[in-house]
Each structure stands twice: as structure tokens, then as C-alpha cells.
S.K.: 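I am attaching a structure below and will ask some questions about it afterwards.
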Amino acid sequence: MAGTGEKVSIQDRLAGRVAYVLGGGSHGPARPGESLPMGNGRAIALRLAAEGATVVVGDIDLGRARATVDALAVPGLAVEVDAADAESCAAAVAAALGAYQRLDVVVCNVGVSGREPIKAQSVPEWERSETVNVRSHWLTAQAALQPMLDRSRGSFVFVGSTAGLLSSRRSLSYEATKAAQLAVMRHIAVRYAARGIRSNAVVLGNIDSALVRREFGEDLTSARAAVVPMGREGRPEEAAAAVAFLASDDAGYVTGQSLIVDGGVSAAWPTPPSALQRG
Ligand SMILES: NC(=O)c1ccc[n+]([C@@H]2O[C@H](COP(=O)([O-])OP(=O)(O)OC[C@H]3O[C@@H](n4cnc5c(N)ncnc54)[C@H](O)[C@@H]3O)[C@@H](O)[C@H]2O)c1
């Protein structure tokens, strides 16, 4: 702690905390040379545990959640949850509270990416996106909130996308729901700021997750790297490091914020290379 002379290493930053990660499995091919597929949710769970937290991992596929828990630095709990089902969202939070009696950190990571621009946008696909990307997040937060308020302590982190700030012209439902997700994040932040609750988001650019590898394939993932000022996709571990910061007391005076983790995409003004001087 600053000023006390007590040394706190980053490995201990979340010691004694209990965290729940919604969408903490991973579904898709692993990176070359690795056996465990890595997505944002799994990387977040691993990072929180590496910093000392006890982690509950929720996923629609219990096997994927268990694979994450098996890889944690400390024992955790895998729970089956369907983010598209309202009762299931609340039941998963109840299972976490039942197992550990409290939640200090809730990370709402689950998200589905649509593919339909406005002329193709269908109602079922819109409703699926809204249900998974927004409704499951506020329902999960709602279920976790009162026990946090009872202890005057709690931190929510929502895993957002630059699509919630900028349009890629790709999917109307994804852009709209990722924008709405940030509104949920801010609502919680402002409403409960004076009662010990913080709520923030990481806003991610192009991240090399197993899901992206599965949905887009290798060709598109390298094209996704080329449009980033840094010249590469981000790693799920880099997303997880930002989440861990926001979840921790290091972000003790940070609430209602969107931390952009995008390799410079949202800072760029598209300019033709021919208009640039060399060097
Ligand atoms: N990968 C990117 O480039 C990128 C960019 C911006 C934002 N994001 C956001 O990051 C988050 C995670 O994306 P990711 O690509 O890392 O995937 P991920 O690997 O973290 O998450 C996928 C997991 O969610 C689970 N899941 C899917 N539907 C579910 C449901 N209905 N209920 C419960 N679990 C369910 C899957 O089984 C899988 O294990 C999403 O919110 C996404 O919008 C990703």
C-alpha cells in the first residue's frame, strides 16, 4: 500500500478476492505451438488467478470452463451457464456465491459477433446479440450487486469492443449491443459509485482469440493485423492484463471508464500512405 511501507507485488494484487468470469472458456484452435486454445475469457481467468484471486468460470460448455479451471494457478470452480437464458445467468452467480459466500470481482466477457449489416440484419440475430452481449451482462451484474453492496465493495469489468465506439460496417447488431453494454457499465458506475462499487470496461480492438481463429480463419486474422497501427493483433493476455488492473485496487479511483486496448486503432486518422513523409 502506498505510504505504509508494506510491499505488495503484482502477483498478490487480487489475493483473497473471489472473481466470476462469465464466458471463461474458449472455443477454437489454439495458437501454433500451444495446446490450450486461448480467448479473452480464459486469459482473464488465468490472469486473475495468477494475481491471487479464487476464480469461478462460467461457460455454456462445462468442459471448456473446466479446461480453464484446470489451468488456473489456484483451485477454482467451473459452472455451466447459458448467457442467453435469464435464469441461468442468475443461477450461475448464485452458485458462485454459494461456493465462496462473496464476489469481489465480476467480469462479463461473453459476447457473440454478428455478421449482418443493416440491409441483412435479421430480428433473430439481433435478439441473440442483444440477449448475450447486453442482457446477460446486466442480469449477471444485477444478481451479484446486492451482496457487493452489503459489503460496500465490488468491481465489475465488462469486456467491450471498439465496435461499440466505431463502426466497422460489418455487423449492426454487434455495434449496437457493444455500445449498449458500455451504457450498462456506466449506469452501474454512477449509480453505485458512492457505495463502494466500481464498474469499468475494456474496449478491445483486434485480438487473436481462439474464437476469431475459428470464425475468421488464418487469412483474415493476418489481414486484421495489417490494419492496426502496431501492425499486429493483440493477445488475449494483453486484454487480461487490462482487466486485472481495472478489477484491482490499483484502479481504486477509476470508475465508469472504457479502457481502450486496440494497438492504436482508435487513435488513427486514416491517411493515404502517399500523403505521408518518410521516416
Ligand atoms: N477477439 C476479438 O478480436 C475481440 C475484439 C473485441 C471484443 N471482443 C470481445 O471479447 C469477448 C470474448 O471474445 P473472444 O473472441 O475472446 O471469445 P472467448 O474465447 O473469450 O469466449 C468464448 C467463450 O464464450 C462461451 N460462450 C459462447 N456463448 C455463450 C453463452 N450463450 N453462454 C455462456 N458462454 C458462452 C464459449 O463457449 C467460449 O468458451 C466478447 O465479448 C467479444 O465481443 C473480442
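Atoms within each ligand, like the ligands themselves, are counted from 1 in listed order.
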S.K.: Taking S199 for its side chain and M185 for its backbone only, find out whether a donor-acceptor pair lies under 3.5 Å.
M.R.: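 At least one qualifying donor-acceptor pair exists.
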S.K.: For the side-chain contact (heavy atoms from CB on, under 4.5 Å) test, which of I260, N40, V265, L259 pairs with L204?
M.R.: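 Among I260, N40, V265, L259, the one meeting side-chain contact (heavy atoms from CB on, under 4.5 Å) with L204 is N40.
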S.K.: Considering R128, R64, H27 one by one, which has a heavy atom nearer to atom 37 (O) of ligand 1 than any of the others?
M.R.: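 Looking at heavy atoms only, the winner is R64.
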S.K.: Does ligand 1 have any atom that is closer than 4.0 Å to a heavy atom of K178?
M.R.: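 It does, in that a heavy atom of K178 comes within the 4.0 Å cut-off of ligand 1.
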S.K.: Using a strict threshold of under 4.0 Å (side-chain N to carboxylate O), is an ion pair present between E237 and R31?
M.R.: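 A salt bridge is present here (some side-chain N lies under 4.0 Å from a carboxylate O).
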S.K.: Where is the nearest protein heavy atom to atom 22 (C) of ligand 1: which residue, which atom, and how far?
M.R.: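 In this structure, atom 22 (C) of ligand 1 has L211 CD1, 3.9 Å as its nearest protein heavy atom.
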S.K.: Could you tell me whether a side-chain N or O of R224 sits under 3.5 Å from a main-chain N or O of I207, the two making a donor and an acceptor?
M.R.: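 At least one qualifying donor-acceptor pair exists.
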S.K.: Looking only at protein heavy atoms, which one is nearest to atom 7 (C) of ligand 1, and what is the separation?
M.R.: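 Its nearest protein heavy-atom neighbour is G160 O, 3.3 Å.
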S.K.: Any nitrogen or oxygen of G41, main chain or side chain, under 3.5 Å from a nitrogen or oxygen of ligand 1?
M.R.: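 Between G41 and ligand 1, an N or O pair is found under 3.5 Å apart.
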S.K.: Under 3.5 Å, side chain of H137 to main-chain N/O of V107, donor-acceptor pair present?
M.R.: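 No; zero donor-acceptor contacts below 3.5 Å.
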S.K.: Heavy-atom contact under 4.0 Å between R224 and ligand 1?
M.R.: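 Right, R224 reaches ligand 1.
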S.K.: Tell me, please: is G234 in heavy-atom contact with ligand 1, that is, under 4.0 Å?
M.R.: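 Under 4.0 Å: no for G234.
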S.K.: What protein heavy atom sits nearest atom 38 (C) of ligand 1, and how far off is it?
M.R.: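 Minimum-distance protein heavy atom for atom 38 (C) of ligand 1 reads D59 OD2, 3.4 Å.
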S.K.: For a side-chain hydrogen bond (donor to acceptor under 3.5 Å, both in side chains) with E175, tell me which candidate from S161, S167, S129 qualifies.
M.R.: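 Between E175 and the candidates, side-chain hydrogen bond (donor to acceptor under 3.5 Å, both in side chains) is satisfied uniquely by S167.
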S.K.: Return the residue, atom name and 0.1 Å-rounded distance of the protein heavy atom closest to atom 8 (N) of ligand 1.
M.R.: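 Protein heavy atom at minimum distance: Y174 OH, 3.7 Å.
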S.K.: Using heavy atoms and a 4.0 Å limit, tell me yes or no: is V212 in contact with ligand 1?
M.R.: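 So V212 counts as touching ligand 1.
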S.K.: Report yes or no: does N200 contribute a side-chain atom to a donor-acceptor pair with the main-chain N or O of L246 at less than 3.5 Å?
M.R.: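 Checked: no pair found.
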S.K.: Return the residue, atom name and 0.1 Å-rounded distance of the protein heavy atom closest to atom 29 (C) of ligand 1.
M.R.: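 Of the protein heavy atoms, V110 CG2, 3.6 Å lies nearest.
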S.K.: Applying a strict 4.0 Å limit to heavy atoms, is G205 in contact with ligand 1?
M.R.: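 G205 counts as a contact of ligand 1 under the 4.0 Å cut-off.
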S.K.: If we set the cut-off at 4.0 Å for heavy atoms, which region of D61 has an atom near ligand 1: side chain, backbone, both, or neither?
M.R.: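 For D61, no heavy atom sits under 4.0 Å from ligand 1.
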S.K.: Tell me: protein heavy atom nearest atom 15 (O) of ligand 1, and distance?
M.R.: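 Going by distance alone, atom 15 (O) of ligand 1 is nearest to S209 OG, 2.7 Å.
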S.K.: Can you tell me the protein heavy atom closest to atom 40 (C) of ligand 1 and the distance?
M.R.: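 For this ligand atom, the closest protein heavy atom is N109 O, 3.1 Å.
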S.K.: For atom 44 (C) of ligand 1, what's the nearest protein heavy-atom neighbour? Residue, atom name and distance, please.
M.R.: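 The closest one turns out to be N40 ND2, 3.5 Å.
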S.K.: Going by an N to O cut-off under 4.0 Å, is there a salt bridge joining D249 and R17?
M.R.: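 Yes, charged N to carboxylate O under 4.0 Å.
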S.K.: Are R13 and D250 close enough for a salt bridge, meaning some N to O gap below 4.0 Å?
M.R.: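 Between D250 and R13 there is a salt bridge, with a charged N closer than 4.0 Å to a carboxylate O.
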S.K.: Under the 3.5 angstrom rule, does the side chain of E116 hit a backbone N or O of S122 as a donor-acceptor pair?
M.R.: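 Such a contact is found between E116 side chain and S122 backbone.
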